[in-house]
Amino acid sequence: MPTSSSDRRHFIILGVLVVIVTVLLDWLLQVGLPLPIQASIEALTIDRLIGWHLTLIAFLFALIVVPMLYIFVIFRQREGDTSDGEHFEGNAIMEVAWTVIPLILVVIFGFVGVVDLREVTKTGEELTVKVTGVQWAWSFEYEGGVLAEQLLLPVNKRVRMDLNSDNVLHSFWVPEFRVKQDLVPGYPKELYFTPTKVGEYSLNCAELCGRSHYQMTAVVRVVEQDEFTDWLATEQAKINDGKVVADADIEGTSQ
Ligand SMILES: [Cu+2]
């Protein structure tokens with residue numbers, strides 16, 4: 001801590017440099033991070049959390065690297081100077097500060113993480129799709145036993161993915177939605193999100209699951225609610241028609 005006007009001057013210069021480097025680095029990280037578009041409500045929450053972490057990373061980097069470089073340059077050994085450095089022992093204020101400040105930051109970020117996790121995983125009225133992962137493909141089942149190879153979802157409707165794996169670990173990941181969940185054999189998992197942009201996306205497996213893991217993708221199509229309702233009704237009608245025919249066949253056979 002400063003004990004003379006010279007020390008105070010160094011601390012003030014360091015403080016200003018740390019702030020400048022933090023702001024610059026934070027700006028670079030926020031602008032330079034190549035995130036895909038935000039296509040779900042949850043993406044806003046997750047990206048806000050990522051943004052706060054980047055700011056903290058920028059600050060911690062500046063707090064460590066700037067004083068280190070400053071000391072290397074300003075307090076370097078001058079030519080002909082063979083004297084010893086000044087002796088000092090401990091500094092209670094700094095030791096308390098570098099213990100308490102990180103503790104407070106960890107608690108704050110832990111709290112924000114819990115609040116955001118609760119927000120992202122909250123349940124309510126949602127459309128449920130059963131998603132099954134196998135080596136190396138996805139399949140989707142809708143209400144009424146409708147099966148599909150593409151994941152068709154209505155825009156602005158909260159959806160719930162009921163995730164199951166038939167064999168090994170897989171992971172459901174659509175980068176534009178920002179949410180990700182492992183599929184664990186024998187342990188059904190759930191994932192919630194609300195798509196907000198009509199368009200076509202790619203569902204990827206984010207867990208190394210074998211030889212053709214890289215090919216384990218599926219098309220995700222987010223469409224208007226009317227289009228989705230029509231599609232589901234048509235597919236359900238096909239199944240019901242098939243059942244009627246099958247039932248008639250069974251009755252015909254039994255007579
Ligand atoms: Cu995989």
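Order of listing sets the numbers, starting from 1, for every ligand and every atom in it.
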**Complete:** Sorted by chain and number, protein N/O/S atoms nearer to the Cu ion (ligand 1) than 2.8 Å are Cys205 SG, Glu207 O, Cys209 SG, His213 ND1
**Request:** Ignoring hydrogens and angles, state whether a donor on the side chain of Gln236 or Asn240 is under 3.5 Å from an acceptor on the partner side chain.
**Result:** no
**Glu95-Thr99 side chain donor-acceptor pair, cut-off 3.5 Å** = no
**Item:** Check: Arg118 side chain, Val115 main-chain N or O, donor-acceptor pair, under 3.5 Å
**Value:** no
Extract all donor-acceptor atom pairs below 3.5 Å that involve side chains of residues 137-156 and protein atoms in other chains or at least two apart in sequence.
residue : atom : partner : partner atom : Å
Trp138  : NE1  : Met216  : O            : 3.2
Tyr142  : OH   : Leu152  : N            : 2.8
Tyr142  : OH   : Leu152  : O            : 2.7

**Asked** Is any side-chain heavy atom of Val159 closer than 4.5 Å to a side-chain heavy atom of Glu126?
**Response** no
**Request:** Would you check if there is a donor-acceptor pair between the side chains of Asn164 and Thr132 at a distance under 3.5 Å?
**Result:** no
